[in-house]
Each structure stands twice: as structure tokens, then as C-alpha cells.
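All remarks here apply to the structure that follows.
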Amino acid sequence: MNDLLLIKATAMFINGNSELQSLVFFFFLGLFIVNSTSIHGEYIKRSDFPNGFLFGVSTSSYQIEGAYLEDGKSLNNWDAFALTPGNIRNGDNGFIANDHYHQYLKDIEIIQSLGVDAYRFSISWARVLPRGRFGEVNSNGVLFYNKILDNLLLRGIKPFVTIYHHDFPQELQDRYGSWLSPLMQEDYVHFAETCFKNFGDRVKHWTTINEPNLFTQMAYVNGKYPPARCSQPFGNCSAGNSDIEPLIVMHNLLLAHGKAVKLYRKDYQRDQGGSVGIVVDCLMYEPLTDNDLDQEAANRGLAFSIGWALDPLIFGDYPPEMRQYLGNQLPRFSNAERKFMADSIDYIAVNHYSTAYVKDCIHSSCSLTANRAINGFVDVTRERDGVQIGEPTGISMLPVVPRGIGEMIGYLKKRYHNKPMFITENGYSEPKEQEVQVQDIQQDVKRIEFHEMYLSSLAQAIRDGADVRGYFVWTLMDDFEWILGYSVRFGLYYIDRQTLARIPKLSARWYQDFLKNNTQAPAIRISDLVLKLADS
Ligand code: NOJ
């Protein structure tokens, strides 16, 4: 039976007091326990993770802050993009978002109430340097992040700071085309140094760039994120070249990272004692069939998506598979660059949500977009013999595949010699049809199941020897989900879009309990949570 129906039934009966209602309530609860236990098999506890393993929640500046032109912040690339009708679902934008800029203290109290060890957030480039290198540091922007850092530390919460998470001053786009130009490297290094100087005394965990691989794909292959550049057959953009530009953009992003880390290590690391990583979108690939060609395609796909970003920062150059298929279209690092690029991360920050099947396109026919060098000649699908790879979520590309997180960690552990890893994002958005009313959104049993199953798979990977040091739920509260606007929700907290009230979902209570190492079986715990939610 569907868990959600059971939870709804139990919640309905909580308010009634007749004996019959109680009987029916306990009947449903019993059914729920049997049902839920069989889903979970064994259940996961905080104590299944090593001592010192950090648990946290993750957000990003543009997705929650709002205050888009306040206190000196300039228009950024997403503000500008949102101004054109049709770019973002329902005409949404991040102008107000969750008003975190004004409500940060309340949000930090919520974060503290969850009992997490760490909080990952990002710095709005346009708030701190409204004109990039071409203007002054905005002291109001610095003050805002100082207040966040100080309040986190006061409460014993470790800040994990992402320097750049998709948003930058629009002026850098207008002046020289942002990431298509090597000038953006200089702007990035200036921004990173501004962050090290102003915040580095309190930040021990930096990540330079969020998901350069996904950003490049979305902005320069498919043209769906600003600056919306692409060419046929990938999309219908007014300008762009989907075969070439992504390679240039990634090259600039990686060099920007490498130069910023070189500077950090030379001028800041000794005094500040922090470490630096990069955040990579880590979609797992499994071969569609057990045929050798599909197996090879899965490996090639991973090299083209993950190795593309990580190989240069660990080994100093792009994956050999990419050079083989892209030849001279793939930019080259000079010898000097290779030296500072290699070993330029202290850890890998893994964003993992899902897994897909991959099919070879070199020896069999594929769609026009799959059969392209930029995509490594692989076709990505979520269906095998008419069966979906996992339960659907609010984003069709991200079905629920719990085993994938373990597989991904295994892959990274092998390819990068067990470099330390943090899971900087993992989360669930429910399909539209599961969210009919606010109560449905609040009773997010599917999100709890998602985290329990993914955490179980992760704990197994750690028992198998992987050096994973932390796990961050994406995300603290429902937020601006880029081109999908506010229509897709990943949060532990629901945001009432009229009042901007933060309303805990069942999953927030679950995370709280989990972090206290509540050792009850999940089904019993969930029924308890329903009661708590009804009380509140
Ligand atoms: C990864 C991105 O870093 C984040 O900004 C986004 O909201 C989540 N994935 C969910 O799509």
C-alpha cells in the first residue's frame, strides 16, 4: 500500500476521538509498520557512520537570498535571465526568493534546531563585488556574510562555503561574455581572493565552483541556463556552438579554480588553515545491457561528465578518453598550468541525486544529440525493457536509485585513489501529483525514505573503505529551483510563498531524530512523527 495514503489516513484519524476511529487508526498504523519495515529491511542510524562524520544541510545564495538590488547588490546573470518572459517556469525569479537576506537569523536558528554539524551555503558574487574587478568591494555584502559566519560559529555549526554557485554579476557577461573568455578567470580569482581575505579566518572548508560540469551542459550545450547559448541539434538558441563552446567554458572554469587554489595555498592557507575542493555533479551511469560496448560506454560517459572536471584537478589533464574522441577541439593545458592544476583539490565535493543507463553510440544508432563527440557518443536513458530505473521525482532526469550513491562513491574511490569526499548535496523532490495540498507537502514520507535508502547505500560504501567525511541534505527549505522556479521542492522546510513562513515537513523532524541517533525502527519513528506534526 502507498505510504502516503497510510500517513494521510493516520493523520486524519489523529484528530478524531471515537473508539472506532482509534481502532481504525491503529489498524492503519499496523499496516504501515509492516509495509514500511519491508521497504527498508534494515534501517540506518547516525552511529552507522564513522566518528567525526559531518552531517549538514546545503543551500545556495541565489536560490534563497532575494534582496536582489538591495544594499549595493547588482543585477546578476540569473536576475537578468529571469527578466525575459518564458525563461523560467511560471515567470518566477529570485528577486525575493525566501528572503533569507533579511531572515538569515531565523534560518540559522532553524539550522541549529536540526542538530546538524555543518551548513553549506554560497556567496553572491554580485553582492560582494557588484561590478567584479571593475568596481569596489561592497561592504554591505561583506557584512552580510560576516553575520552569517559569526552566527554559525556561535552556535557551533561549521561553515562550508561555496565561492561561486551559478550566479555572477551581469556586467561580466555584458563586458566580455563571462566564461567564454579567459578574462573571467581573472575576475574569478579576484572574487575568490576577496572571499579568502574577508571570510577565510573563519572558513575551514571551501569549495571553489558548484557543478561546473552541469552548468556547462545546461548553459552551453542545451542552452537552458543563462547565457542560453547552443546550436542545433541540441537546441534553438540565438547564438552558440554546442560542440565547441562547452569545452572552452570548462577550460576557463578549471583554470579559474586552479589559479584561485594556487593563490590560497601560497598566501592564505598557512594562516587560515582551511582546505579546498570543487563540487561536481555526479550522476551515476550503468550500462544499459551487459554487452561490453555498453559497459565501455558507461565508463566513457563517466569520463566525459565527471573526469572532465576532476581529472585535470587531480592528474593535471583531461581524461584520455576525451582526447581520443575530441582531438584538438579539447583545449590543452600548458606545462606550467598542468603543474598547478594537478593536485589542486584537497577533497571531492560530490552532488549526487540519481543514476541513468547508458548505451553505446559508436557501434549502434542513436539520437542526433547522443551521437556526438561532445557527449562522448553515449545515449542516456532511464528505462530498460520498459521498466523505469527508479521511482519518479519532481525532476524527470532524477529518479530514485539508492544503489547509485554507493556505486558513484566506489567509482570515485577507484579512479581518484580514495581522495577524501564529502556528499555536498543529496535530496528528493516529489512529483507534482504527490503534492495536492500543503498537508501532502508536509507529510513527505517519500523524502524520508529517500534519505534513509541513500544513506544506507552510502554507509555500505564507507564500510567498504571509501573515505567519505560528510553528508549534506539538499536542501534546508524549498527554494528557487533555477529554470523550474518554485514549482519543484527539495526542502526539509516548506515555504509559504505568500507569507514566506518556514514550515517544517516530516523530514525535518526525521533529520532531527536521525541526528540524535534515535534508534527506533523507521516505521515506528514515522508514525511518531505524524503525531508530532499533528500536535504542532
Ligand atoms: C544541484 C545544484 O547545485 C542546486 O543548485 C540544485 O538546486 C540542485 N542540484 C537540485 O536540482
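Atoms within a ligand are numbered from 1 in the order they appear, just like the ligands themselves.
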May I have the N/O to N/O pairs between ligand 1 and the protein that fall below 3.5 Å, each with atom names and distance to one decimal?
residue, atom, partner, partner atom, Å
ligand 1, 3 (O), His165, NE2, 3.1
ligand 1, 3 (O), Asn210, ND2, 2.8
ligand 1, 3 (O), Glu425, OE1, 3.3
ligand 1, 3 (O), Glu425, OE2, 2.7
ligand 1, 5 (O), Gln63, OE1, 2.7
ligand 1, 5 (O), His165, NE2, 2.9
ligand 1, 5 (O), Trp482, NE1, 2.8
ligand 1, 7 (O), Gln63, NE2, 2.9
ligand 1, 7 (O), Trp474, NE1, 3.3
ligand 1, 7 (O), Glu481, OE1, 2.6
ligand 1, 9 (N), Tyr353, OH, 3.4
ligand 1, 9 (N), Glu425, OE1, 3.2
ligand 1, 11 (O), Glu481, OE2, 2.6

Report task. Run the salt-bridge test on Asp444 and Arg489 with the 4.0 Å N-O cut-off and return the result as yes or no. Result -> no
Identify each donor-acceptor pair in which a side-chain atom of residues 69-80 lies under 3.5 Å from a protein atom, sequence neighbours left out, and give them as a table.
residue, atom, partner, partner atom, Å
Glu70, OE2, His102, NE2, 2.7
Asp71, OD2, Tyr101, OH, 2.6
Lys73, NZ, Tyr68, O, 2.8
Lys73, NZ, Asp79, OD2, 2.8
Ser74, OG, Pro130, O, 2.8
Asn76, OD1, Trp78, N, 2.9
Asn76, OD1, Asp79, N, 2.8
Asn77, OD1, Phe168, N, 2.9
Asn77, ND2, His166, O, 2.9
Trp78, NE1, His166, O, 3.4
Asp79, OD1, Tyr62, OH, 2.6
Asp79, OD2, Asn76, N, 2.9

Query raised in the report: When the aromatic ring centroids of Phe514 and Phe55 are compared, is their separation below 6.0 Å?
Result: yes
**Report entry** Arg497 to Tyr486 six-membered ring, cation-pi geometry met (6.0 Å, 45°)
**Finding:** yes
Query raised in the report: Cation over ring, Arg127 on Phe144, under 6.0 Å and within 45°?
Result: yes
Requested in this report: Could you tell me whether Arg384 sits above the aromatic face of Tyr357, with NZ or CZ closer than 6.0 angstrom to the six-membered ring centre and within 45 degrees of the axis?
Outcome: yes
